[in-house]
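Below is one structure, written out as structure tokens; the observations come after it.
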Amino acid sequence: MSDPDEGPELEARLAEQDVFEPPASFADQANVTDPAIYEEFEENWPDCWEAAADLLEWEEPYDRVLDDDSPPFYEWFTGGKLNASANCLDRHLEERGDEAAIEWVGEPVDEANRTYTYEELHREVNEAAAALRELGVGEDDVVTLYMPMIPELPIVMLACARIGAPHSVVFAGFSADALATRMNAADSEYLVTCDGYYRRGDPLDHLSKATEGLTDVDHGTETVVVERLAPNGDDFDHELAADQTTYDDLLAGHEGATVDPVTRDAEDMLFLMYTSGTTGKPKGVKHTTGGYLAWASWTSQAVLDVKPEDTYFCSADIGWITGHSYIVYGPLALGTTTMMYEGTPDHPDRDRLWEIIEEYEATQLYTAPTAIRAFMKWGEEYPADHDLSSLRLLGTVGEPINPRAWKWYYKHIGGEECPIVDTWWQTETGGMMITTLPGIGDMKPGSAGPPLPGLDVRIVDTAGEEIGAGEAGYLTVQKPWPGMLRTLYNNDERYIEEYWAEYSDVDSDDPDDWVYFPEDGAKIDDDGYITVLGRVDDVINVSGHRLGTMEIESAIVGVEGVAEAAVVGGEHEIKGEAVYAYVITEEGYEETDDLRQRIIDGVNEAIGPIAKPEQVIFTPELPKTRSGKIMRRLLENIANEEELGNTSTLRNPEVVEDIQRTVQGD
Ligand code: ATP
Ligand code: MG
């Protein structure tokens, strides 16, 4: 895609340039083109959010945009009535019934792809809704979904939405334990799961894990099993128990059934999502029908620039909030074509994503920095073999993207013609919060950008006072927004404690006294651009200096030969804490003392001697959650020779012991 002859010159230009303007070809056609939006939203707050609500079809109009009578239990679009599945399906039928709603790229490669038009998806969702009802699912019953990236996952999510039953999706990669904890916490009596799925071409048993989890559920359950493997003859000799039925059996007799979408209140729960659990005990984040759907839709349109004619590709897992908001709800509410990829990016080869983008002519790619660093590590020849010119916009989410990876993404995937949106948000925020608007905002690699219009984000010190540009502080959101969580399920007290208590006057009824605290550190520059420094509990205290892990990691991955790094604090007699750096080398680089030294020098140069790693530990992999986040807590346990904490939400539990051996052998 990029001309190799232009290589060195381009490289030099990219290295110098720290601010990138939106490419003109993009800006001309962007959904949001007028910078006055920031001012307009501020002046017109909270009514500015009617713009988001207007993207939805309401059965009955709302009478208040924001009800802030009893903070922090805010309500949005109160009195309004709607149904999320009707918004994602029915209203598109007339104009877009024959257009693709979901392009599913399944495994085994090339054999299992499937297009669902809006018409087809609508039919499948209706049948599933009828079947769930037959099973006994009523309005407000929580249905747990424990499935990988197969079409039945969004189909059942939308079927639940249709009958007003909140879903709680649990990552397929999570353990039996994690499933049981979440079903118990949500009092969920229904589980939809599958017999198994394919990973890198091989069948994997899933039902045994689900069934094992069910033995720890403390109430009666009904289980529906989607047969993903059985029709292909890949069988694990599962025997279904009396309270388990197959999805096909349940659907039998409901062919062509239609189910009227249940009228839901704007504030009725749409779903529960337990946070990935990088830290502590999982929290049941509650999202509602009106505010959440409006937020997912508005941000999809304004930030991801989604248009109905797009083929939009988000490579996240639907078991993560990113997949909820930006594979399922946002894109479908806007009537576009959303892609769903079941496989991994390196099977059958490391160009799998580029092959898919070329074949489907995908227009956006939304992925995570950890994936981008893997692509970088594999080498630019993989994307170079493919025509990626259909891409118009690139996005990242999940952690800060270091400038080197940003520039690689910009050049080798976007061909310097796609803006990159580095989007900061959380499960709790429902959708994006801090990012540039791609048609109007300059991009600064390493910084997410300004808060979205209508958001009051401030960086404060421990006392809650706003601090100046350049200083590290704490991220806060000082006004509510439609996509925000409403509470933690069945635990209003913990909701206040986790997110509000730090900076709010908890006895006050005045919304101005309430401040949302996402528990991330950040700094802001003179242009109002925010760099997220990491979770507050990921701060290392070296000789009284507070260092953000993400800043040190960013310095390390800036060193040539480093693909990925994780930094944690280990106890140190003199300094209190010392920096331990776990490093993965790039393809073609050796784990040498020379590289170790260059890493130490790199940190010294970027941040200062205080941040220099005490130890640089080379490792082939880092412990990660299913959503691709590094579990620093475990690395800390290793650095401090403590007993390992819970590893049940890890994608790759085996690497922890490998690292432990390396460190102890050091
Ligand atoms: P848990 O809350 O269970 O510990 P988690 O915080 O990893 O898990 P998510 O809600 O998926 O679960 O992640 C949100 C967090 O991810 C943010 O609070 C922030 O720390 C980080 N994050 C997300 N996007 C970005 C970004 N663009 N830049 C920097 N950090 C980001
Ligand atoms: Mg979190």
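For ligands, and for the atoms within them, numbers begin at 1 and follow the listed sequence. Just so it is clear, the model here is predicted, and its values are computed rather than measured.
Residues in residues 366-377 take part in these salt bridge (charged side-chain N to carboxylate O under 4.0 Å, His left out) pairs, two or more places apart or across chains: R373-E399, R373-E564.
Proximity of the aromatic rings of Y503 and W514 is defined here by a centroid distance below 6.0 angstrom, and this criterion is not met. Aromatic ring centres of Y410 and F20 lie closer together than 6.0 Å. Checked against the 6.0 Å centroid criterion, the rings of W49 and W298 qualify as a close aromatic pair.
Applying the 4.0 Å criterion to heavy atoms of V532 picks out, from ligand 1, the atoms 29 (C), 30 (N). Under a 4.0 Å criterion applied to the non-hydrogen atoms of T423, ligand 1 contributes the atoms 24 (N), 25 (C), 26 (C), 27 (N).
Of the listed residues (I530, D422, T435, D520), the one carrying the non-hydrogen atom nearest atom 20 (O) of ligand 1 is D520.
Contacts between P400 and ligand 1, counted as non-hydrogen atom pairs separated by less than 4.0 Å, involve both the backbone and the side chain. Under 4.0 Å from ligand 1, the heavy atoms of R535 that appear belong solely to its side chain. In E399, the part holding a heavy atom less than 4.0 Å from any atom of ligand 1 is the backbone. Within the 4.0 Å heavy-atom criterion, the part of W320 lying near ligand 1 is the side chain and not the backbone.
A side chain to side chain donor-acceptor pair (under 3.5 Å) with W424 is found for exactly one of T429, T435, D520, T531, namely D520.
Assignment of A448 to the shell around ligand 1 is not supported, since no heavy atom sits closer than 4.0 Å.
For Q426, a nitrogen or oxygen atom sits less than 3.5 Å from a nitrogen or oxygen atom of ligand 1, counting backbone and side chain alike. Close N/O approach between I321 and ligand 1 is not found [any backbone or side-chain N/O within under 3.5 Å].
Side chain of S447 to main chain of I530: a donor-acceptor pair is present (N/O by atom type, distance under 3.5 Å, no hydrogens or angles).
Residues T367 and S315 have side chains that bring a donor and an acceptor to within less than 3.5 angstrom of each other.
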